[in-house]
Trainee: 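Mind having a look at this structure? Questions to follow.
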Amino acid sequence: MSDAGERAALMAALQEATARIEAIAQSRAYERFERTSPSKLCTATVNLRQQLVDFQFLQANAMRELDRVALAEEVRSTIAAAQAKAREATDLIAAEVYAELGLS
């Protein structure tokens, strides 16, 4: 097979993989991934696409516990941890699809 033919076949396989991954993600849109900060100050929840769907402070008057900069870092790192959990799930989905298609 020519280089152009190989590239075309690979492109077609990658497009199929992308479509299958997207279909699986759609079918699992209900899934949520939650993380609570180490200090138990807040909890972040994201969906499979790593979008923030809920955020809660678990302690009243969070500003009494931390200054603005520390509070912002606590919020950011909690959301990032929830997103990392969701990313692990999507990585597993992609790995399974790639393996099925012989792309791994």
Side-chain angles (χ1 to χ4, degrees):
M1 188 182 288
S2 70
D3 283 347
E6 288 176 10
R7 281 195 302 269
L10 179 58
M11 184 60 86
L14 290 173
Q15 288 173 337
E16 180 181 352
T18 300
R20 288 177 67 179
I21 292 166
E22 181 61 31
I24 293 168
Q26 277 293 97
S27 72
R28 293 173 57 177
Y30 61 88
E31 289 186 42
R32 299 294 182 257
F33 302 86
E34 182 179 290
R35 278 291 197 217
T36 299
S37 65
S39 68
K40 308 287 188 242
L41 181 69
C42 56
T43 297
T45 305
V46 301
N47 63 17
L48 190 60
R49 297 185 186 281
Q50 303 174 38
Q51 298 165 323
L52 185 66
V53 294
D54 189 37
F55 186 88
Q56 295 180 355
F57 283 104
L58 304 174
Q59 298 176 19
N61 301 317
M63 289 296 289
R64 288 186 188 167
E65 300 294 320
L66 301 169
D67 64 32
R68 287 185 315 218
V69 174
L71 180 60
E73 178 53 27
E74 184 99 5
V75 167
R76 187 210 60 77
S77 65
T78 303
I79 293 169
Q83 289 172 326
K85 212 171 170 184
R87 192 168 30 260
E88 288 174 10
T90 55
D91 288 350
L92 285 174
I93 291 168
E96 289 172 8
V97 169
Y98 285 179
E100 287 173 17
L101 297 174
L103 295 172
S104 53

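What's counted below: heavy atoms across the whole structure, side chains too, no hydrogens, waters or symmetry copies.
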Trainee: Are any of the side-chain nitrogens in E96 or R20 under 4.0 Å away from the carboxylate oxygens of its partner?
Mentor: no

Trainee: Do you reckon L14 sits in the same ILVMFWY cluster as L101, going by side-chain contacts under 4.5 Å, direct or chained?
Mentor: yes

Trainee: With the threshold set at 4.0 Å, does a side-chain nitrogen-carboxylate oxygen contact exist between R28 and E31?
Mentor: yes

Trainee: So, do V75 and F57 sit near enough that their side-chain heavy atoms are less than 4.5 Å apart?
Mentor: yes

Trainee: So which heavy atom on K40 is nearest to which on L58, and how close?
Mentor: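 Taking every non-hydrogen atom into account, O-CB, 3.5 Å.
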
Trainee: Take R49 and Q83 through the side chain to side chain donor-acceptor pair (under 3.5 Å) test and state the conclusion after the steps.
Mentor: CA-CA 8 Å; R49 297 185 186 281; Q83 289 172 326; over 6 Å; no

Trainee: Ignoring hydrogens, what is the shortest heavy-atom contact between A44 and A82? Give both atom names and the distance.
Mentor: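 Closest heavy-atom pair between A44 and A82: O-CB, 3.8 Å.
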
Trainee: Dump the intermediate steps for side chain to side chain donor-acceptor pair (under 3.5 Å) on E34 and T43, then the final yes or no.
Mentor: CA-CA 7 Å; E34 182 179 290; T43 297; 4.9 Å; no

Trainee: Group every Ile, Leu, Val, Met, Phe, Trp and Tyr by side-chain heavy-atom contacts under 4.5 Å, then state whether I93 and L103 land in the same group.
Mentor: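 Same cluster.
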
Trainee: For the CG atom of L52 and the OG1 atom of T78, what is their distance to the nearest 0.5 Å?
Mentor: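 If I round to the nearest 0.5 Å, the distance is 11.0 Å.
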
Trainee: If you round to the nearest 0.5 Å, how far is SG of C42 from CD of Q59?
Mentor: 9.0 Å

Trainee: Side chains of E88 and L92: closer than 4.5 Å at any heavy-atom pair?
Mentor: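 Of all side-chain heavy-atom pairs linking L92 with E88, none is under 4.5 Å.
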
Trainee: How long is the straight-line distance from OG of S77 back to CZ of R35, given to the nearest 0.5 Å?
Mentor: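 If we round to the nearest 0.5 Å, R35:CZ and S77:OG are 11.5 Å apart.
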
Trainee: CD1 of I79 to CD of Q51: how many Å apart, nearest 0.5 Å?
Mentor: 13.0 Å

Trainee: I would like to know whether T18 and E16 meet side-chain contact (heavy atoms from CB on, under 4.5 Å); could you show each step before the answer?
Mentor: CA-CA 5 Å; T18 300; E16 180 181 352; over 6 Å; no

Trainee: Distance check, rounded to the nearest 0.5 Å: T45 atom OG1 versus D54 atom CG?
Mentor: 5.0 Å

Trainee: Hey, are the side chains of E73 and V69 touching, using non-hydrogen atoms and a 4.5 Å cut-off?
Mentor: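 Of all side-chain heavy-atom pairs linking V69 with E73, none is under 4.5 Å.
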
Trainee: Strictly distance-based, threshold 3.5 Å: is any side-chain N or O of D67 a donor or acceptor partner for the main-chain N or O of A70?
Mentor: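 Yes, the answer is positive, given that a donor and an acceptor are paired below the 3.5 Å cut-off.
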
Trainee: Say whether L48 and V53 are linked into one hydrophobic cluster, either directly or through other cluster members, by side-chain heavy-atom distances under 4.5 angstrom.
Mentor: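 In one cluster: no.
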
Trainee: Enter the distance from N47:CG to Y30:OH here, rounded to the nearest 0.5 Å.
Mentor: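 Going from CG on N47 over to OH on Y30, the span is 12.5 Å.
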
Trainee: Do any N or O atoms from the side chain of S37 and from the backbone of L41 form a donor-acceptor pair under 3.5 angstrom?
Mentor: yes

Trainee: Check for me, please, whether V46 and F55 land in the same ILVMFWY cluster - side-chain distances under 4.5 Å, paths through other members count.
Mentor: yes

Trainee: Give a yes or no on whether the backbone of A29 and the side-chain of R32 come within a donor-acceptor separation of less than 3.5 Å.
Mentor: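 Answer holds: yes.
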
